[in-house]
Amino acid sequence: MATEAAPMDEKAKRMRDLLSSFYTPDPSISTSVSSISTSFDNINGPSFDADQYMDLMIKKSNLDVLLQRHVQMAAEIKNLDTDLQMLVYENYNKFISATDTIKRMKSNIFGMEGNMDQLLHKIMSVQSRSDGVNTSLFEKREHIEKLHRTRNLLRKVQFIYDLPARLQKCIKSEAYGDAVRFYTGAMPILKVYGDTSFRDCRRASEEAIEIIIKNLQTKLFSDSESIQARAEAAVLLKQLDVPIDSLKDKLLEKLEQSLDGLQINPEEASKLAEHNTSSKDEESNNQGPAKIHEDAVRGFSEAMRAYREIFPDSEERLFKLARALTTTHFENMELYIRKRVSAADFLGIFRIIWEDVVLMDEVLPEAALSDLSAEAAQVTLKQFVARTFSHLQQDISDTILKFDINQKEVVDGEVLKVVLEASGKAILQGTTDIFQDFRQLLDENTGIFVKMNDLIIGWIQKGFQDFFRSLESHFLVLSGKTSSLNETEGLIEGKSSDKIHAGLILVLAQLSVVIEQKVIPRIAEEITASFSGGNAQAFIPGELCRVFHAASEKLLQHYIDTRTQKISNVLRKRFKTPNWVKHKEPREVHMYVDMLLQQLEEVGKEVKQILPQGTFRKHKRSDSNGSNTTTSSRSTTLHSDKMARSNSQRARSQLFETHLAKLFKQKVEIFTKVEFTQESVVTTTVKLCLKSLQEYVRLQTFNRSGFQQIQLDIQFLKAPLKETVEDEAAVDFLLDEVIVAASERCLDVTPLEPPILDKLIQAKLAKSKEHNNITASS
């Protein structure tokens with residue numbers, strides 16, 4: 001491919017050189033452009049020798065090469081002839097076109113000389129007539145101009161004579177600006193002719209100006225005058241060449257004192273925000289606080305503009321005043337948002353501050369107020385977002401704690417359900433409201449808000465993340481599960497953590513489930529739809545769901561522990577009070593059994609208000625394998641054998657057979673994972689209470705009557721407990737363990753006979769039924 005392209009390149013070069021030599025009259029010009037070799041074998045060169053070229057070709061090439069070269073040169077000659085012919089045709093066409101154009105021009109120019117002569121004749125005629133008119137009107141024009149100058153001079157003379165009267169009118173109407181303008185305009189004439197022709201006018205004018213100067217000086221230091229009026233007075237005094245440099249410090253001190261009246265106090269911020277949100281038409285017609293403040297700041301800005309022109313060396317002090325006012329605005333803004341402030345009010349105050357900054361920045365651009373405001377605005381806006389979440393958390397806490405939860409209302413009514421519904425509504429409605437507020441922040445078209453759009457979104461996302469983490473910690477503090485770092489938070493509405501109602505803990509547990517399953521996914525969808533951007537990792541819903549899932553489990557377990565602890569305290573007092581070694585024969589079921597059942601009934605009513613029902617399936621002993629049946633039969637045999645033996649033999653036999661039965665008894669799983677269902681919570685509470693009862697029994701020593709009392713109490717407990725729990729096998733096992741523990745700590749293990757045991761239980765049931773009827777009728 002390369003060998004074929006080389007001859008084509010050489011041919012193309014040769015063609016260009018030939019065409020260049022054809023169109024170039026001086027052959028020396030083309031030598032700088034072309035790259036033709038000056039060797040003798042260059043067929044296109046000026047020093048080409050045909051004989052030498054042929055000798056060289058014959059020596060270097062064979063017959064085939066010579067024939068090929070012959071054919072190639074014949075083709076090149078034909079191509080050159082064709083190209084030259086095309087060039088001749090193209091140039092001929094151009095020559096014909098040029099000839100036609102020249103002919104048309106010649107025909108158009110014919111007759112133009114006559115027209116030009118006529119035009120010149122007319123121009124000369126007009127010029128001669130114009131010269132005649134100017135000559136005839138020259139004297140009149142000179143006379144008119146002389147009269148006009150005389151008239152202007154008379155006007156000036158009349159103005160000088162009328163100047164004292166004009167100044168007096170200005171003094172009466174307090175139009176000091178017009179008076180100074182009149183006087184400074186007449187000063188050039190008064191300086192020249194004031195001692196001759198206009199002596200009286202000058203003296204009267206100076207007397208009037210002295211009065212004006214005194215009035216301006218009085219106005220300059222009057223506290224009742226506005227800042228803008230003082231600045232205008234200072235400018236007029238300077239125009240009258242009154243030395244005011246000595247008054248600079250006093251004027252600037254007055255200007256600095258005026259800052260107190262321009263500050264936006266937190267107490268007045270709400271009124272300013274309310275008026276600022278009104279329409280511009282209403283604002284122009286109604287001189288409200290926002291309009292008054294705007295006028296005051298505008299006057300302050302104009303005063304700074306005037307003082308900057310009057311005192312050029314006071315720029316730094318003016319810069320400090322402008323920065324001080326801007327900083328004070330944002331400091332007061334931070335104080336204002338400490339209380340509950342809506343986004344509309346916040347934006348209203350922010351617009352006022354930004355308008356003040358724009359007014360001052362137009363006068364003092366070198367003060368860099370925009371940059372200072374941008375930094376302060378970021379801090380203030382970030383605090384507003386954080387405090388919005390803080391107020392939401394406070395609302396949720398107040399909703400939870402505003403109900404006076406007492407045990408009677410919990411048992412008789414549905415106060416826990418009301419608290420749960422109100423708290424869930426507070427969270428859902430609260431998050432909806434702050435989303436609306438945050439949308440207003442993003443929709444604000446103030447320049448600085450548009451620049452901070454991504455920052456605002458990041459703060460909102462991080463705010464939700466921190467809010468839910470803080471809310472989870474607050475729930476644990478409210479429940480008494482953890483203690484707050486702040487000592488004042490150790491008390492909740494005057495209640496210490498150990499006196500918190502257990503129902504509140506259960507409400508917090510279920511509320512954590514609501515947040516995990518409903519609130520956090522809803523907020524994640526809203527953030528994705530309307531608040532995407534910013535820091536993409538700021539809000540992590542999966543992490544928050546795990547946090548509240550763990551918190552719900554902690555709170556539910558804490559509720560069970562709290563309830564169990566209360567019941568365990570009752571049982572501990574019951575077992576420590578009597579002397580079990582000297583216990584009398586049992587007459588009835590002991591009162592602590594009623595207290596235990598009452599406490600468990602309260603637990604059932606509480607969980608019924610809060611938790612849903614589960615898939616209730618009672619786990620009975622018959623569900624286990626046959627070893628439990630063997631145990632029951634052995635227990636029956638044990639009881640029958642005990643009645644036939646002596647006390648000592650029965651004690652030894654009972655202990656031996658009890659331990660032997662444990663070896664063959666099926667292992668029952670007592671403590672399982674607590675589910676968020678009514679049955680699971682009640683069952684776990686019962687298990688823990690029975691386990692505590694077993695431990696208290698092991699700490700005592702019983703005589704025969706004491707053992708029989710324990711037997712009676714446990715036998716009475718079996719029926720009501722099995723009705724409330726879902727795991728009958730575990731409860732039955734724990735009840736048996738209490739009996740076994742009592743027998744192990746008994747000096748004389750002699751159980752009650754079944755008829756007597758049944759009689760005492762029936763008597764207790766009848767007594768309880770009668771008590772319930774009396775209570776219901778009353």
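Keep in mind that this is a model prediction, so the values were computed, not measured. Only this structure's heavy atoms are used, side chains among them; waters, hydrogens and symmetry mates stay out.
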Are side-chain heavy atoms of Asp356 and Leu325 found at a separation under 4.5 Å? no
Taking C-beta and beyond as the side chain, do Pro612 and Gln678 meet within less than 4.5 Å on heavy atoms? no
Just checking, any donor-acceptor pair under 3.5 angstrom between side chains of Asp713 and Gln709? yes
Would Glu606 and Arg563 pass as an ion pair if we require N to O under 4.0 Å? yes
dist Leu556:CG -> Leu508:CG (nearest 0.5 Å) comes out at 11.5 Å
Roughly how far, to the nearest 0.5 Å, is the CG atom of Leu347 from the CD1 atom of Ile352? 11.5 Å
Determine whether Ile427 and Val514 satisfy the following criterion, side chain to side chain contact (heavy atoms under 4.5 Å, CB included), listing intermediate values before the conclusion. CA-CA 10 Å; Ile427 295 175; Val514 172; over 6 Å; no
Pairwise salt bridge (Lys or Arg N to Asp or Glu O under 4.0 Å) hits with a residue in residues 382-396, at least two apart: Arg340-Asp395
Shortest non-hydrogen pair, Cys545 vs Ile520, comes out as SG-CG2, 3.8 Å
Heavy-atom side-chain proximity of Ser342 to Asp345 below 4.5 angstrom: yes
Minimum side-chain heavy-atom gap Ile505-Leu478 below 4.5 Å: no
Side-chain donor/acceptor of Gln461 to backbone N/O of Ile527, under 3.5 Å: no
Partners of Phe716 by ring-ring contact (aromatic ring centres under 6.0 Å, His included), sequence neighbours excluded? none
More than 12 heavy atoms from other groups under 6.0 Å of NZ on Lys718: yes
Can you list the residues that meet the side chain to side chain donor-acceptor pair (under 3.5 Å) rule with Glu331, with sequence neighbours excluded? none
Assess the residue pair Thr564 and Thr684 against the criterion (side chain to side chain contact (heavy atoms under 4.5 Å, CB included)); give the C-alpha distance rounded to whole Å, side-chain angles, the decisive distance to 0.1 Å, and a yes or no. CA-CA 9 Å; Thr564 304; Thr684 304; over 6 Å; no
Least distance between heavy atoms, Leu555 atom then Ser479 atom: CD2-OG, 3.3 Å
Please state whether the rings of Trp354 and Phe350 are parallel, tilted or perpendicular, taking 30° and 60° as the class boundaries. parallel
Listed partners of Arg323 passing side chain to side chain donor-acceptor pair (under 3.5 Å), at least two apart: none
Rounded to the nearest 0.5 Å, what separation is found between the CD1 atom of Ile434 and the CG atom of Leu441? 11.0 Å
Quick one: closest heavy-atom pair of Ser743 and Val740, and the distance? OG-O, 2.6 Å
Using every non-hydrogen atom in the two residues, find where Ser512 and Phe475 come nearest and quote the distance to one decimal. OG-CD1, 3.6 Å
Atom CG in Asp437, atom CG in Leu442: separation rounded to 0.5 Å? 11.5 Å
The ring-ring contact (aromatic ring centres under 6.0 Å, His included) partners of Phe330 (sequence neighbours excluded) come to none
Does the side chain of Thr677 reach to within under 4.5 Å of the side chain of Leu611, using non-hydrogen atoms? no
Student check: side-chain heavy atoms of Glu601 and Leu597 closer than 4.5 Å: no
With sequence neighbours excluded, tell me which residues meet side-chain contact (heavy atoms from CB on, under 4.5 Å) with Arg572. Asn569, Lys576, Tyr696
Mind checking what makes ring-ring contact (aromatic ring centres under 6.0 Å, His included) contact with His558, not counting sequence neighbours? none
Just how far is it from atom CG of Leu688 to atom CD1 of Ile567, taken to the nearest 0.5 Å? 9.5 Å
What one should report as the nearest heavy-atom pair of Ser552 and Val513 is CB-CG2, 3.7 Å
Test ring-ring contact (aromatic ring centres under 6.0 Å, His included) applied to Phe389 - qualifying residues, sequence neighbours left out: Phe438, Phe464, Phe467
Report the residues that fulfil side-chain contact (heavy atoms from CB on, under 4.5 Å) with Thr328, sequence neighbours left out, ordered by chain and then residue number. Gln263, Asn332
For Phe346 and Tyr336: C-alpha separation, side-chain torsions, deciding distance, then whether ring pair (Phe, Tyr, Trp, His ring centres under 6.0 Å) applies. CA-CA 9 Å; Phe346 174 80; Tyr336 173 62; 8.2 Å; no
Report the residues that fulfil side-chain contact (heavy atoms from CB on, under 4.5 Å) with Asp594, sequence neighbours left out, ordered by chain and then residue number. Lys764
Taking it one step at a time, do Glu588 and Lys767 satisfy salt bridge (Lys or Arg N to Asp or Glu O under 4.0 Å)? CA-CA 10 Å; Glu588 61 179 356; Lys767 184 177 179 181; 3.5 Å; yes
Carboxylate-amine/guanidinium proximity below 4.0 Å for Lys425 and Glu421: no
Check the pair Val341 / Ile349 against side chain to side chain contact (heavy atoms under 4.5 Å, CB included), numbers first and verdict last. CA-CA 11 Å; Val341 178; Ile349 297 298; over 6 Å; no
Check the pair Val697 / Phe702 against side chain to side chain contact (heavy atoms under 4.5 Å, CB included), numbers first and verdict last. CA-CA 9 Å; Val697 168; Phe702 302 92; 3.7 Å; yes
Using 30° and 60° as the class limits, which term best fits the ring planes of Phe539 and Phe468: parallel, tilted or perpendicular? tilted
Contact check, side chains of Val603 and Tyr559, non-hydrogen atoms, under 4.5 Å: yes
Worked check of side-chain hydrogen bond (donor to acceptor under 3.5 Å, both in side chains) between Gln393 and Ser470: CA-CA 8 Å; Gln393 179 174 326; Ser470 176; 2.8 Å; yes
With a 4.5 Å heavy-atom cut-off, do Leu600 and Val682 have their side chains touching? no
Drop me the distance from Ile515's CD1 to Ser423's OG, to the nearest 0.5 angstrom. 9.5 Å
Do any pairs count as a salt bridge (Lys or Arg N to Asp or Glu O under 4.0 Å) and have a residue in residues 513-525, sequence neighbours left out, and if so which ones? none
Might you point out which heavy atoms bring Ala502 and Thr562 nearest each other, and give the distance in Å? CB-CG2, 4.2 Å
Going through the distances and angles, do Glu695 and Arg698 end up as a salt bridge (Lys or Arg N to Asp or Glu O under 4.0 Å)? CA-CA 5 Å; Glu695 297 301 324; Arg698 288 178 176 175; 3.4 Å; yes
Between Trp459 and Phe384, is there a donor-acceptor pair closer than 3.5 Å when you use the side chain of the first and the backbone of the second? no
Do side-chain atoms of Glu679 reach the backbone of Glu726 as a donor and acceptor pair under 3.5 angstrom? no
side-chain contact (heavy atoms from CB on, under 4.5 Å) partners of Val379, counting only residues at least two apart: Glu334, Gln383
